[in-house]
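Some notes on the structure that comes next.
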Amino acid sequence: MDSLQTFLDKVRAKNPNENEFLQAVEAVSSSLFPFIEQHPKYQRHKLLERMTEPERVVIFRVPWVNSKDEIEINRGYRVQMNSAIGPYKGGLRFRSSVTLSVLKFLAFEQTFKNSLTGLPMGGAKGGSDFDSKGRPDSEIMRFCQSFMTELCRYIGPDRDVPAGDIGVGGREIGYLFGQYKRLKGEFNGMLTGKGESFSGSLIRPEATGYGLVYFAEEMLKTRKEKLQGKTVTVSGSGNVAQYTVEKCLEYGAKVVTLSDSGGFVYDPKGIGKEKLQYIMNLKNGLRGSVREYAKKFDCDFVEGEHPWKIKCDIALPCATENELNAEDAKTLIANGCRCVAEGANMPSASEAIALFKESDILFGPGKAANAGGVAVSGLEMSQNSLRYSWSREEVDDRLKKIMKNIHEICVQYGKGENGYIDYKKGANIGGFVKVADAMIAQGIV
Ligand code: NDP
């Protein structure tokens with residue numbers, strides 16, 4: 001077996017300039033190497049070498065005509081990373097910053113995350129460098145139709161089941177679904193995050209944010225604490241952030257920040273139900289700026305910054321990757337923050353995570369803490385196969401159980417002799433074992 005350094009050098013050489021992908025591989029393999037060295041059955045199968053090589057990557061042209069009758073050309077991707085434990089599953093991201101590296105990092109992380117949910121889902125991710133901001137609905141629909149015209153060759157309910165991610169919400173999923181149905185003449189569960197009226201699952205829009213809060217509450221319990229009465233900073237103001245705030249409010253916490261790509265708002269009085277409704281109206285659809293919130297409710301807007309300077313007990317990054325660096329971690333620690341749980345994928349830099357561990361701060365990595373979204377996507381697949389719908393309460397109950405179970409897996413594999421729970425290590429090993437066992441059982445494929 002290669003050393004960790006040799007393994008990483010080989011991955012770097014094979015994937016030059018794919019910084020986000022390399023960052024994710026390094027973070028995961030540094031937890032996994034000691035575990036693999038202790039378990040000879042995993043050593044000779046070159047599992048990590050195979051897991052870091054996507055089973056398939058599809059890159060395609062997405063031509064469409066905008067409202068000014070001009071031709072626009074975007075690039076579409078689907079990274080099918082690993083299908084050892086189920087059909088490929090993972091969201092679609094539409095944003096100008098989408099690259100192959102970003103999607104490979106997300107698909108790699110997704111493989112472990114999906115395994116942690118206990119549901120039969122492989123790992124994938126896809127998307128395009130298309131940005132819907134400021135575009136009329138008709139353009140978004142034409143783009144989605146062109147994107148699906150190509151993607152439909154590679155997906156299906158038993159093959160690969162995409163969902164939403166940044167820039168892809170209920171509206172986009174509706175347009176993508178409509179086009180697939182038209183092209184294939186089939187009404188099936190090839191996408192999740194669908195509208196309730198066409199076989200979507202209840203609680204899917206809420207699932208990532210709610211699941212994050214359920215997970216954070218489990219983390220706090222290990223220190224005999226709870227969310228009630230705590231001050232929370234949240235970044236982002238999209239799907240994950242909105243439902244994170246909603247559930248925090250239900251648990252009696254006070255949320256004082258939200259952010260977007262322009263900066264953050266600090267509302268020391270707390271973002272209550274009505275203010276949250278204002279954010280939902282502002283962000284969903286026309287995607288306005290949180291600056292408007294600051295004007296409306298007379299509080300501070302800090303341009304171009306993330307909210308980590310604001311004093312809090314709990315920080316929940318819910319915007320995007322690499323939005324919390326080592327300096328931010330130092331400030332959070334100095335200000336008395338006791339728990340960080342990731343709603344976004346890889347928002348914290350490796351150095352920040354190391355500082356949290358050194359300072360004995362609870363740190364929940366995205367692949368565990370934000371797995372609620374894909375978990376309910378998995379439940380949507382089950383309901384579609386059954387041609388049946390579960391009630392809100394039934395889905396929410398299952399989501400809670402799944403998040404609790406993921407927490408237990410993290411404790412099982414991550415609790416050290418000194419009692420500190422290394423959730424990152426626990427999630428990486430816990431996610432790896434099931435996929436690795438399935439890969440060994442299935443031979444060299
Ligand atoms: P949305 O598109 O609904 O919201 C994204 C939010 O992040 C927006 O507020 C956006 O600001 C902000 N944002 C995006 N890029 C940046 C940036 N570079 N700097 C600062 N803010 C930024 O996406 P989601 O809420 O669905 O996704 C958020 C995160 O959660 C992503 O990391 C995603 O991968 C992850 N995730 C999502 C899941 C889901 O179910 N949706 C499941 C698991 C993880 P603006 O409005 O200005 O664009």
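Heads up: numbering here begins at 1 and tracks the sequence. We count ligands from 1, going down the list as the structure has it; atoms in each ligand are counted the same way.
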For this session: Would you mind finding which of Ile166, Asn370, Leu106 brings a heavy atom closest to atom 27 (O) of ligand 1?
Result: Ile166
Exercise. Got a salt bridge between Glu342 and Lys367, using NZ or NE/NH1/NH2 to carboxylate O under 4.0 Å?
Worked result: no
Exercise. Of all the atoms in ligand 1, which lie at a distance below 4.0 Å from a heavy atom belonging to Ala344?
Worked result: 29 (C), 30 (O), 32 (O), 35 (C)
For this session: Could you check atom 4 (O) of ligand 1 against the protein and tell me its nearest heavy-atom contact, residue, atom and distance included?
Result: Gly238 CA, 3.3 Å
Exercise. Which of parallel (below 30°), tilted (30 to 60°) and perpendicular (above 60°) describes Phe108 and Phe112?
Worked result: perpendicular
Exercise. Do any nitrogen or oxygen atoms of Val240 come within less than 3.5 Å of a nitrogen or oxygen of ligand 1?
Worked result: yes
Exercise. With backbone taken as N, CA, C and O and side chain as the heavy atoms from C-beta onward, which portion of Glu321 lies under 4.0 Å from ligand 1: side chain, backbone, both, or neither?
Worked result: neither
Problem set entry | Nearest non-hydrogen protein atom, atom 3 (O) of ligand 1 | Asn239 N, 2.9 Å
Exercise. Purely on distance, is any nitrogen or oxygen of Lys125 under 3.5 Å from one on ligand 1?
Worked result: no
Problem set entry | ligand 1 versus Ser235: contacting region, heavy-atom distance under 4.0 Å | neither
For this session: Mind telling me whether Trp64 and Phe143 have parallel, tilted or perpendicular rings, with 30° and 60° as the class edges?
Result: perpendicular
Exercise. Which bit of Arg204 gets closer than 4.0 Å to ligand 1, counting heavy atoms only: side chain, backbone, both or neither?
Worked result: side chain
Exercise. What part of Asn345 sits under 4.0 Å from ligand 1 if we count only heavy atoms: the side chain, the backbone, both or neither?
Worked result: both
Exercise. Based purely on interatomic distance, does Gly167 place a nitrogen or oxygen under 3.5 Å from a nitrogen or oxygen of ligand 1?
Worked result: yes
For this session: Could you label the plane-to-plane angle of the Phe356 and Phe363 rings as parallel, tilted or perpendicular, counting under 30° as parallel and over 60° as perpendicular?
Result: parallel
Exercise. Do any heavy atoms of Gly343 fall under 4.0 Å from ligand 1?
Worked result: yes
Problem set entry | Arg12/Glu26 salt bridge by N-O under 4.0 Å criterion | yes
For this session: Distance to 0.1 Å, residue and atom name: give those for the protein heavy atom nearest to atom 33 (C) of ligand 1.
Result: Asp165 OD1, 3.1 Å
Problem set entry | Short side-chain donor-acceptor distance under 3.5 Å, Asp267 and Tyr293 | yes
Problem set entry | Residue portion contacting ligand 1 (non-hydrogen atoms closer than 4.0 Å) for Lys283 | side chain
For this session: Would you check if there is a donor-acceptor pair between the side chains of Asp160 and Gln80 at a distance under 3.5 Å?
Result: yes
Problem set entry | Between Asn188 and Lys181: side-chain donor-acceptor atoms closer than 3.5 Å | no
Exercise. Among side-chain atoms of Glu327 and Asn325, is any donor-acceptor pair under 3.5 angstrom?
Worked result: no
Problem set entry | No-hydrogen, no-angle side-chain donor-acceptor test under 3.5 Å, Glu55 and Tyr88 | yes
For this session: Verify, without hydrogens or angle tests, whether Ser259 (side chain) and Gly236 (backbone) share a donor-acceptor contact under 3.5 angstrom.
Result: yes
Exercise. With a 3.5 Å cut-off and no angle check, do the side chains of Lys247 and Tyr214 form a donor-acceptor pair?
Worked result: yes
For this session: For Ser237, take its heavy atoms, then give the atoms of ligand 1 lying under 4.0 Å from any of them.
Result: 9 (O)
For this session: Answer yes if the side chains of Asn345 and Gln110 hold a donor-acceptor pair under 3.5 Å, and no otherwise.
Result: no
For this session: Please write down residue, atom name and distance for the protein heavy atom closest to atom 47 (O) of ligand 1.
Result: Ser261 OG, 2.5 Å
Exercise. Hey, which atoms in ligand 1 end up nearer than 4.0 Å to a heavy atom of Lys133?
Worked result: 45 (P), 47 (O), 48 (O)
Seminar exercise, completed: Quick note on ligand 1: atoms under 4.0 Å from a heavy atom of Ser259 include exactly 9 (O)
Exercise. Hey, is Cys318 touching ligand 1 through its side chain, its backbone, both or neither, going by heavy atoms under 4.0 Å?
Worked result: backbone
Exercise. What orientation do Phe130 and Phe94 show, parallel under 30°, tilted 30 to 60°, or perpendicular over 60°?
Worked result: perpendicular
Exercise. Are any of the heavy atoms in Arg287 under 4.0 Å away from ligand 1?
Worked result: yes
Problem set entry | Closest to atom 18 (N) of ligand 1 among Thr244, Thr320, Leu212 (heavy-atom distance) | Thr320
Problem set entry | Thr233 and Thr257: side chain donor to acceptor below 3.5 Å | no
For this session: Look at ligand 1 and say whether Arg93 reaches it with a heavy atom at a distance under 4.0 Å.
Result: yes
Exercise. Does Gln242 come within less than 4.0 angstrom of ligand 1, counting non-hydrogen atoms of the residue?
Worked result: no
For this session: Ignoring hydrogens, just give me the one of Ala319, Gly304, Gly236, Gly164 whose non-hydrogen atom is nearest atom 28 (C) of ligand 1.
Result: Ala319
Problem set entry | Taking atom 42 (C) of ligand 1 as the reference point, the nearest protein heavy atom with its distance | Thr208 OG1, 3.3 Å
